Structure formats: C-alpha cells, structure tokens
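Lettering of chains follows the sequences in order, A, B, ..., and the numbering in each one begins at 1. It should be emphasised that the depicted structure is a prediction, and the values quoted were computed from it without experimental measurement. Note: hydrogens, waters and symmetry copies are ignored here, and every other heavy atom, side chains too, is used.
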Amino acid sequence: KQEVTQIPAALSVPEGENLVLNCSFTDSAIYNLQWFRQDPGKGLTSLLLIQSSQREQTSGRLNASLDKSSGRSTLYIAASQPGDSATYLCAVRPPSGTYKYIFGTGTRLKVLA
Amino acid sequence: DAGITQSPRHKVTETGTPVTLRCHQTENHRYMYWYRQDPGHGLRLIHYSYGVKDTDKGEVSDGYSVSRSKTEDFLLTLESATSSQTSVYFCAISDPSGSSYEQYFGPGTRLTVT
C-alpha cells in the first residue's frame, strides 16, 4: 500500500532563505507526483506536476525534483518571502489503471519577515 | 483558476439528517473527486468519478454516496449525517489531456454536524 510522508510537519525560516520541503513515498511505481499549496481556510492550489519520466520541473522560484528509485521528491523554494507562508502538500498518483491520488499530510511553512 | 465551485460553502446540520454537497465544474474534465480533510489525517478520498454515471469508492466511503448525471456536476450525499462526518470537504477535477491528469481543487465546504 502506497504511503506518502512529509517531514517536517512544520517549519519556520527567516525571509530570504532558500529552503527545501521533502516528500517521501513507499512504492516507487508512480504515474506522477504533484505539489500543492494550501492557504488557511482555502482550497489547494496546484504548484507543479512531475511525470514519472521527468527529473524536475520549475516554475518561477519553485523547483520540484523527483527521484523514484529512492522514493523522494523535494520542493525547493528560492529566496523565500512572507507570502510563501502556507501548507505545502504532495500527492502521488499510482500507475495507470487507477485514478486515485494519495496525499501526504503536508508541511506548514512560516516565513518570518 | 480552474472553474470549480462548491455549494454550500458552509453548512451546519443535525445528526441523522441527510445532506447533499454539490460540485460544479466548467472545464469539461472527465474525472471528479470528493475528499475530506481532517487534522492529523490529511486529505482522504471518499469517492471519485471517471465519467458520467461511472463512480467508484475511495478509502473512506462508508456513510457517503455520490451521483454524476452530467459531466459538470458531482454530488456527494450523506444519507444520515453523524458527528464523525464533521469535516472540510473538497471537490477536485482532472483530465488526461497531455497525459498529465493534473488535479485542480474547489474552495471547499465546511460541514458541521451537531
């Protein structure tokens, strides 16, 4: 059974710092992996999606990498800002044939001004 | 933002009453999902749909039913609400275009069962 873990559960950093958020999964047979951002009381906003054949994806100050063999993905945030404060979740989609995504419980990030 | 709306956005109901939540999309996406989000459990899949009238169970489907009579609407029904169903419910959509199946989420419905 696929399990997705995000450690740490919470993180505080000073503004301007580069940071890495981690996502681990137990079964390397995945179709893709998606990173989301969730602000308090809001829905999830898609940040980046990495297909199983890709190693990384970039959008602005965000870079997501994928290492299937080790069951890990990282989300790199460059030059963090207070507006980056939110909960970040990752989700994996198992191989083709199923449409279910499995979510981690998220990392709550606070960027201090 | 993807065109996904959920109604109602907030609801308080009593134990034992039926409740229906609605998800409406304007993206013509094939797949639709219902999740619940609870502290300590993260997001858990309740039911999903892979086409009109085609639905399947997720990991926490007991006490819930769904219906999808047209592409744009996916209804979640709590037949007889219980306090354990107090939660925030999210609808999501995805589509196989470009083989990405990227998921997009609605704003959520906060349900309180008293």
(message) Report which part of L45(B) has an atom under 4.5 Å of a heavy atom belonging to chain A: side chain, backbone, both, or neither.
(response) side chain
(request) Kindly work out whether a path of hydrophobic side-chain contacts (I/L/V/M/F/W/Y, heavy atoms less than 4.5 Å apart) joins I4(B) to L76(B). (result) yes
(message) Are L11(A) and L75(A) connected into the same hydrophobic cluster when the rule is that any two of I, L, V, M, F, W, Y join if their side-chain heavy atoms are below 4.5 Å apart?
(response) yes
(message) Please say yes or no: joined through hydrophobic side-chain contacts below 4.5 Å, possibly via intermediate residues, are L75(B) and L111(B) part of one cluster?
(response) no
(message) Is there a continuous path of hydrophobic side-chain contacts, each under 4.5 Å between heavy atoms, that joins Y89(B) to V19(B)?
(response) yes
(message) Less than 4.5 Å to any heavy atom of chain A: does that hold for the side chain of Q37(B), its backbone, both, or neither?
(response) side chain
(request) Assess whether atom CZ of R61(A) is packed by more than 12 heavy atoms of other residues, nucleotides or ligands within 6.0 Å. (result) yes
(message) Could you measure the distance from the CD atom of Q103(B) to the CD atom of Q34(A)? Nearest 0.5 Å is fine.
(response) 6.0 Å
(message) Do Y101(B) and Q51(A) have side chains that approach each other closer than 4.5 Å (heavy atoms only, starting at C-beta)?
(response) no
(message) Can you tell me which portion of L49(A) sits under 4.5 Å from chain B's heavy atoms? Options are side chain, backbone, both or neither.
(response) side chain
(request) Give the intermediate values and the outcome of side-chain contact (heavy atoms from CB on, under 4.5 Å) for residues Q38(A) and F90(B). (result) CA-CA 12 Å; Q38(A) 185 176 29; F90(B) 288 102; 3.5 Å; yes
(request) Please say whether more than 12 non-hydrogen atoms of neighbouring residues, nucleotides or ligands are located less than 6.0 Å from CZ in R110(B). (result) no
(request) Would you mind checking which part of Y101(A) comes under 4.5 Å of any heavy atom in chain B, side chain (CB onward), backbone (N, CA, C, O), both or neither? (result) both
(request) Give me the contact list for residues 102-109 of chain A versus chain B, heavy atoms only, anything under 4.5 Å, ordered by residue number. (result) F103(A), T105(A)
(message) As an exercise, state the distance from CD of E59(B) to NZ of K1(A), rounded to the nearest 0.5 Å.
(response) 6.0 Å
(message) Is there a path of hydrophobic side-chain contacts, each under 4.5 Å between heavy atoms of I/L/V/M/F/W/Y residues, joining F36(A) to Y76(A)?
(response) no
